[in-house]
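The residues of the chain are indexed from 1 along the displayed sequence. Order of listing sets the numbers, starting from 1, for every ligand and every atom in it. Computed over heavy atoms, backbone and side chain alike; hydrogens, waters and symmetry mates excluded.
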Amino acid sequence: MAGVGAARALASGGAGVTVLEAGERIGGRVWSIRDFADAPIEAGAEFVHGVGAATWTDVRRAGLRVQPVPYLRYSWFHLGGRTRWLPLHLTHPGVWRSFDILWSLHHLTGGDRSAAAFIEEKGYRGRAKELAQLTLTAHLPGGTDEVGMRGLVSDGVLHLEEGLNHRVLDGYDLLPQHVATGVDVRFGWRVARVAWSVEGVEVEADDGRVLSARAAVTTLPHGVLASGAVAFDPPLPPSKLDAIARIRTGAVAKVLLRFDDRFWPRRMAQLVCGDGPVTLYWPTSFGTAGAPVLIAYATGPRARALSEAGPDKAPDIVLDDLERVFPKAHPRRLVRDARFVDWLTDPNSLGGYTFLPPGAVGARAALAAPDTGALVWAGSATVWSPVADTVEAAYLSGLRAARQASAVLTGRTLRP
Ligand SMILES: Cc1cc2nc3c(=O)[nH]c(=O)nc-3n(C[C@H](O)[C@H](O)[C@H](O)COP(=O)(O)OP(=O)(O)OC[C@H]3O[C@@H](n4cnc5c(N)ncnc54)[C@H](O)[C@@H]3O)c2cc1C
């Protein structure tokens, strides 16, 4: 989304633009699978967050059908060994102690510390601790001991719960495909080396092909940058290397499950699990008669464990979990097909998305900084507003990088 967004903006300004893509499809971490059910199923990003997202213009222009998913109202939780509608859990005195958590986050004081240290400081125990852990890390690919409190707030992660989310019924990947209309995309072009200077950029593929340009935008995912799979010549400035080291890409995995019949409550938009191998479950057809497909979504340590189990065992682990969470329904008997999507081992992302550990606030700005001559920086990890590392963030980063690349092309000075 960052790459095609930047390319379209530059091309519309008259520049000759080429997108180099390692894979064979447009979308990257937006990937809709069309051979699993009678409707597209999202293997990567699933939702347009909020009604004001910058991506809405293209969703509408592309004529994509969307469905609102009212999470807050129709959330179910598995807490303290029981699966119930969230308001019923909230009547349990064991969770009341954690009710001040959102207020505490909005008024966070003191130095940066991990979510685990914050929970300890607040004295949450039992169900209150489970709820606090979910509030702080369910969306993030890091454990409570890894995620930093200041980063969580500055990344706007809590906004994800505030607005209405929408699912793109026709498949989310039609959005980047629409943005890429008319853009020259070269597939199977895995960049292995980037030589940069103030005068221009030369990129080399892993098969030796070389291309040079007056300016370039990199949208390499942070996981790929951190792995060292791409060499930079000369080496990146220390502030950039420090930013790459401080930001963390974590594991995110999905198990897609198709059943004979729906066994979950009809108006369940999501099921959030306090424990077990899966963080969240959501049906892909909320409140409608669509395909009985459930997506198991695991983040951080839970996703790492599924990744280690691998594609043969991960679906079994999730089905065992569903037997635990819905003991009367015997989901195992109803399952027809299962597919494991592991973003951690995908060479084109090497992880799901990023979070900031304690002390890493400011690293996204350093990653985004135009301090490498004619090479400018985009990608969802370079944006922190309104919410870091989303499809919208990726698109916004592309627009910003296009302005910076355009300044290089016209000989204007780049300002941070
Ligand atoms: C499971 C999952 C669920 C998510 N859910 C949501 C959600 O509901 N809503 C939301 O807004 N966001 C969500 N996200 C985050 C969102 O998908 C990403 O932040 C966003 O799509 C990233 O866009 P990008 O353009 O920065 O990077 P990418 O989409 O990763 O694009 C980078 C591109 O670079 C290519 N590439 C990699 N290495 C090379 C190389 N060496 N040479 C050439 N090309 C290369 C890749 O193939 C890829 O196409 C989710 C992510 C995951 C993984």
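Sparse packing is recorded around CZ of R333, with 12 or fewer heavy atoms of other residues, nucleotides or ligands lying under 6.0 Å away. Within a 6.0 Å sphere centred on CZ of R34, heavy atoms belonging to other residues, nucleotides or ligands number more than 12.
In S349, neither the side chain nor the backbone holds a heavy atom less than 4.0 Å from any atom of ligand 1. Residue F47 touches ligand 1 through backbone and side chain together, judged by heavy-atom distances below 4.0 Å. Looking at H49 against ligand 1, only its side chain comes within 4.0 Å, counting heavy atoms.
Between V185 and I26 the shortest heavy-atom distance is CG2-CD1, 4.2 Å.
In summary, the atoms of ligand 1 found under 4.0 Å from a heavy atom of R190, numbered by their order in the structure, are 41 (N), 42 (N). Each of the following atoms of ligand 1 lies closer than 4.0 Å to a heavy atom of L20: 43 (C), 44 (N). Residue contact check: W189 has heavy atoms under 4.0 Å from atoms 42 (N), 43 (C) of ligand 1. Each of the following atoms of ligand 1 lies closer than 4.0 Å to a heavy atom of V30: 21 (O). Within ligand 1, the atoms closer than 4.0 Å to a non-hydrogen atom of G27 are 29 (O), numbered from 1 in the order shown. Applying the 4.0 Å criterion to heavy atoms of T219 picks out, from ligand 1, the atoms 32 (C).
The closest protein non-hydrogen atom to atom 13 (C) of ligand 1 is A45 CB, 3.4 Å. Looking at atom 23 (O) of ligand 1, its nearest protein heavy atom turns out to be A394 CB, 3.3 Å. In terms of protein heavy-atom proximity, atom 15 (C) of ligand 1 is closest to D389 O, 3.6 Å. Here the heavy atom of the protein found nearest to atom 45 (C) of ligand 1 is A22 CB, 3.5 Å. Looking only at heavy atoms of the protein, atom 37 (C) of ligand 1 is closest to N348 O, 3.3 Å. Counting protein heavy atoms only, atom 42 (N) of ligand 1 is closest to V191 N, 2.9 Å.
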Salt bridge (charged side-chain N to carboxylate O under 4.0 Å, His left out) between R302 and D321: does it pass, once the steps are laid out? CA-CA 12 Å; R302 305 192 213 204; D321 189 47; over 6 Å; no
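Side-chain contact between M149 and P358 is absent, with no heavy-atom pair separated by less than 4.5 Å.
Ring geometry for W282 versus Y297: interplanar angle of 30 to 60°, hence tilted. Between H107 and W103, the ring-plane angle classifies as parallel under the 30° and 60° cut-offs.
Residue nearest to atom 34 (O) of ligand 1, selected from E21, R29, M1: E21 (by heavy-atom distance). The closest non-hydrogen atom to atom 38 (N) of ligand 1, taken over V391, L220, T354, comes from L220. For atom 31 (O) of ligand 1, the nearest non-hydrogen atom from the set G28, P176, G379 comes from G28.
D337 has a carboxylate O that lies under 4.0 Å from a charged side-chain N of R258, or vice versa, which qualifies the two as a salt bridge.
Between A2 and ligand 1, a contact under 3.5 Å exists for at least one N or O pair. Taking only nitrogen or oxygen atoms, main chain and side chain alike, S380 reaches within less than 3.5 Å of ligand 1. Among the atoms of E46, some N or O lies under 3.5 angstrom from an N or O of ligand 1. Considering backbone and side-chain N/O atoms, G3 never comes within less than 3.5 Å of an N/O atom of ligand 1. Annotation: Y297 places no N or O atom under 3.5 Å from an N or O atom of ligand 1; distance criterion only. Taking any N or O of V252, backbone or side chain, none lies under 3.5 Å from an N or O belonging to ligand 1.
Of the possible donor and acceptor atoms, one in the side chain of H222 sits under 3.5 Å from a partner among the backbone N and O of I244. Of the possible donor and acceptor atoms, none in the side chain of T284 sits under 3.5 Å from a partner among the backbone N and O of I41.
With V179 as the fixed residue, the side-chain contact (heavy atoms from CB on, under 4.5 Å) test singles out one of L174, T55, D58: D58. Partner of R339 under the side-chain contact (heavy atoms from CB on, under 4.5 Å) criterion, chosen from D35, L257, V255: D35.
A donor atom on one side chain and an acceptor atom on the other are found under 3.5 Å apart for T382 and R400. A donor-acceptor contact closer than 3.5 angstrom links the side chains of T354 and R364.
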